[in-house]
Amino acid sequence: MKEITVLSGKGGAGKTTVAAALASVAEKAVFCDNDVDAADLHLIFQPEIKESYTFSSGKKAAIKVEKCTNCGLCQEKCRFDAIHPSTNRQIPLRQAYNPVLNKGQRELPAVNTTPAPILEINPYQCEGCRLCERICPENAIAVTENNNNHWYVSNTRFGILVHAQMGPGEENSGRLVTRVREKTKDIALKTGADFIVGDGPPGIGCAAISSVTGTDLVLLVIEPTLSGIHDAKRLAELVGNFNVPILAVINKFDLNPEISEDAIRFLSKKGIRLIGKINFEKNAVESMIAGQSVVEFAPESIFSKEVRHIWDEIKEQFET
């Protein structure tokens, strides 16, 4: 069993388009979408979900208003600056002793007439370290698992797909990618698959690192623009640090021939074999609109023929 991970240095290079096209020609393969922050392979695969799992991305703290005395200790000690006075919620002054908010105040006022702002924890700034929970003298802070993320095992017309969905602003995408890849490998072993084809995330962040670690081959999709080549260079350097073999494809090759030649020179200098030059075709756009891979939508197109050639080159890489 061999794992091929399709990556690009930037978004919009055509990585998912190429990955979906490969799914149409790959034999005995299972698939995974490692781009968990902005998954979109399912738009083409149209999966039928068979298994659903919750993924915890960490812990988040919240203040129990009914217990809070507004002492301000949590706000003072939070190193992530995640605790602030609410702009639209208040509590009675009898609960409102806060040396941070009320400089110079030394004791609880006796009069219960003037409202004071409640402290709130911003869930997007909270790192779940639990310090506030431990130091709160009133046990007024609760920390819970953040389960706003899910991953799935689905059936598709191409085969089994393992994919995920993270909530907006969620963290630990690298851990979720690892979970998705582990499940995909387990399925591949149980079903006797020869290949795993993974659609990875763009860039060089945590999710990309988790996608590269332990894979057998990276297919680098390059967009012939200045930013495309710049980001491809960064990604090639990252992959090289893991000693993972790289093959490359230049997508939309004909849109900027001069920069495409620059990409060829870069690949030659780095010893990266270029196995595909895909010219821009309207079929690529129309197939996405139709919810199909290019190979399904236009099987006799030049694009589709080039994808079949790319797949043959990938298989040859493993045979040598």
Side-chain angles (χ1 to χ4, degrees), residues 1-8 14-57 147-167 170 173-202 207 210-211 214-219 221 283-284 286-299 303-304 307-308 310-312 314-315 318:
M1 178 187 64
K2 299 296 183 181
E3 182 180 13
I4 303 109
T5 302
V6 185
L7 294 172
S8 62
K15 168 183 56 60
T16 300
T17 301
V18 172
L22 290 176
S24 296
V25 300
E27 310 98 352
K28 295 184 67 177
V30 293
F31 307 94
C32 58
D33 191 347
N34 299 330
D35 190 4
V36 297
D37 290 296
D40 56 5
L41 193 60
H42 65 279
L43 298 176
I44 302 174
F45 275 56
Q46 298 173 9
E48 179 185 356
I49 296 174
K50 294 298 184 182
E51 301 175 28
S52 178
Y53 302 92
T54 298
F55 173 78
S56 174
S57 62
N147 294 322
N148 192 27
N149 313 286
H150 301 85
W151 60 280
Y152 313 96
V153 179
S154 298
N155 289 336
T156 77
R157 61 190 182 281
F158 301 111
I160 297 175
L161 171 69
V162 184
H163 52 118
Q165 182 178 18
M166 296 197 77
E170 296 296 337
S173 59
R175 283 178 49 212
L176 183 52
V177 169
T178 299
R179 183 74 54 82
V180 166
R181 289 182 63 206
E182 287 173 346
K183 183 63 175 181
T184 307
K185 289 179 180 179
D186 181 57
I187 292 172
L189 289 171
K190 290 179 179 178
T191 59
D194 291 334
F195 299 100
I196 293 172
V197 179
D199 181 24
S210 294
S211 297
T215 194
D216 296 298
L217 176 71
V218 164
L219 181 63
V221 179
N283 287 325
E286 293 169 351
S287 66
M288 299 298 108
I289 296 172
Q292 296 180 322
S293 73
V294 182
V295 176
E296 289 179 296
F297 185 81
F303 192 119
S304 297
V307 167
R308 293 187 182 95
I310 291 168
W311 181 248
D312 289 339
I314 290 173
K315 291 190 294 183
F318 292 124

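If you're wondering where the values come from, they're calculated on a predicted model, not measured in any experiment.
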Is Asp199 salt-bridged to Lys15, going by a charged N under 4.0 Å from an acidic O? yes
Sub-3.5 Å donor-acceptor pair from the side chain of Thr156 to the main-chain atoms of Leu161, do we have one? no
If the condition is side chain to side chain donor-acceptor pair (under 3.5 Å), which residues does Asp33 pass it with, not counting sequence neighbours? none
Closest approach of Leu7 to Pro201 (non-hydrogen atoms, all atoms of both residues): CD2-O, 3.6 Å
Quick one, Val307 and Val18 - any side-chain contact, counting heavy atoms below 4.5 Å? no
For a ring-ring contact (aromatic ring centres under 6.0 Å, His included) check, start with the C-alpha distance between Tyr53 and Trp151, then their side-chain angles and the critical distance, and finish with the verdict. CA-CA 5 Å; Tyr53 302 92; Trp151 60 280; 4.2 Å; yes
Going from CD on Glu296 to CZ on Phe158, what distance comes out if it is rounded to the nearest 0.5 angstrom? 3.5 Å
dist Phe195:CZ -> Lys2:NZ (nearest 0.5 Å) comes out at 9.5 Å
Is Asp312 salt-bridged to Arg308, cutoff N-O under 4.0 Å? no
Step by step, work out the side chain to side chain contact (heavy atoms under 4.5 Å, CB included) result for Ile314 and Leu217. CA-CA 9 Å; Ile314 290 173; Leu217 176 71; 3.8 Å; yes
Is Lys50 close to Tyr152 at the side-chain level, that is, under 4.5 Å between some pair of heavy atoms? no
Between Glu51 and Ile49, which heavy-atom pair has the shortest distance, and what is it? O-CG2, 3.6 Å
What heavy-atom pair brings Asp216 and Glu3 nearest, and what distance separates the two atoms? OD2-N, 2.8 Å
Closest non-hydrogen atom pair, Ser304 against Pro299: CB-O, 3.4 Å
Spatial distance of atom CG (Asn149) from atom OG (Ser56) [nearest 0.5 Å]: 8.0 Å
With side chain to side chain contact (heavy atoms under 4.5 Å, CB included) as the test, would you mind laying out the steps for Glu182 and Thr178 before giving the verdict? CA-CA 6 Å; Glu182 287 173 346; Thr178 299; 3.5 Å; yes
For the student: nearest non-hydrogen atoms of His42 and Pro47, plus distance: O-CD, 3.3 Å
Any donor-acceptor pair under 3.5 Å from Ser210 side chain to Gly174 backbone: yes
Donor-acceptor pair, distance only, cut-off 3.5 Å: does the side chain of Asn34 make one with the backbone of Gly200? no
For residues 24-31, please give each side-chain donor-acceptor pair under 3.5 Å, one per line with the distance, not counting sequence neighbours.
| unit_1 | atom_1 | unit_2 | atom_2 | d |
| --- | --- | --- | --- | --- |
| Ser24 | OG | Ser293 | OG | 2.5 |
| Glu27 | OE1 | Trp311 | NE1 | 3.1 |
| Glu27 | OE2 | Lys315 | NZ | 3.3 |

Quick check on side chain to side chain contact (heavy atoms under 4.5 Å, CB included): which of Thr17, Asn283, Val295 does Phe303 satisfy it with? Thr17
Going through the checks in order, is the side chain to side chain contact (heavy atoms under 4.5 Å, CB included) test met by Met1 and Ile196? CA-CA 7 Å; Met1 178 187 64; Ile196 293 172; 3.8 Å; yes
How far does CG of Asp35 sit from OG of Ser211, to the nearest 0.5 angstrom? 8.0 Å
Any heavy-atom pair between the side chains of Gln292 and Ile44 that's under 4.5 Å? no
To the closest 0.5 Å, what do you measure between SG (Cys32) and CD1 (Ile187)? 9.5 Å
Can you tell if the side chain of Val221 reaches within under 4.5 Å of the side chain of Val6, non-hydrogen atoms only? yes
Least distance between heavy atoms, Ala284 atom then Val294 atom: CA-CG2, 3.8 Å
Does any part of the side chain of Ile4, heavy atoms only, come nearer than 4.5 Å to the side chain of Thr215, both counted from C-beta? no
With side chain to side chain donor-acceptor pair (under 3.5 Å) as the criterion, how do Ser52 and His150 come out once you've worked through the C-alpha distance, each side chain's angles and the decisive distance to 0.1 Å? CA-CA 7 Å; Ser52 178; His150 301 85; 5.9 Å; no
Enter the distance from Arg179:CZ to Thr184:OG1 here, rounded to the nearest 0.5 Å. 12.0 Å
N/O donor-acceptor pair under 3.5 Å between Arg157 side chain and Phe45 backbone: yes
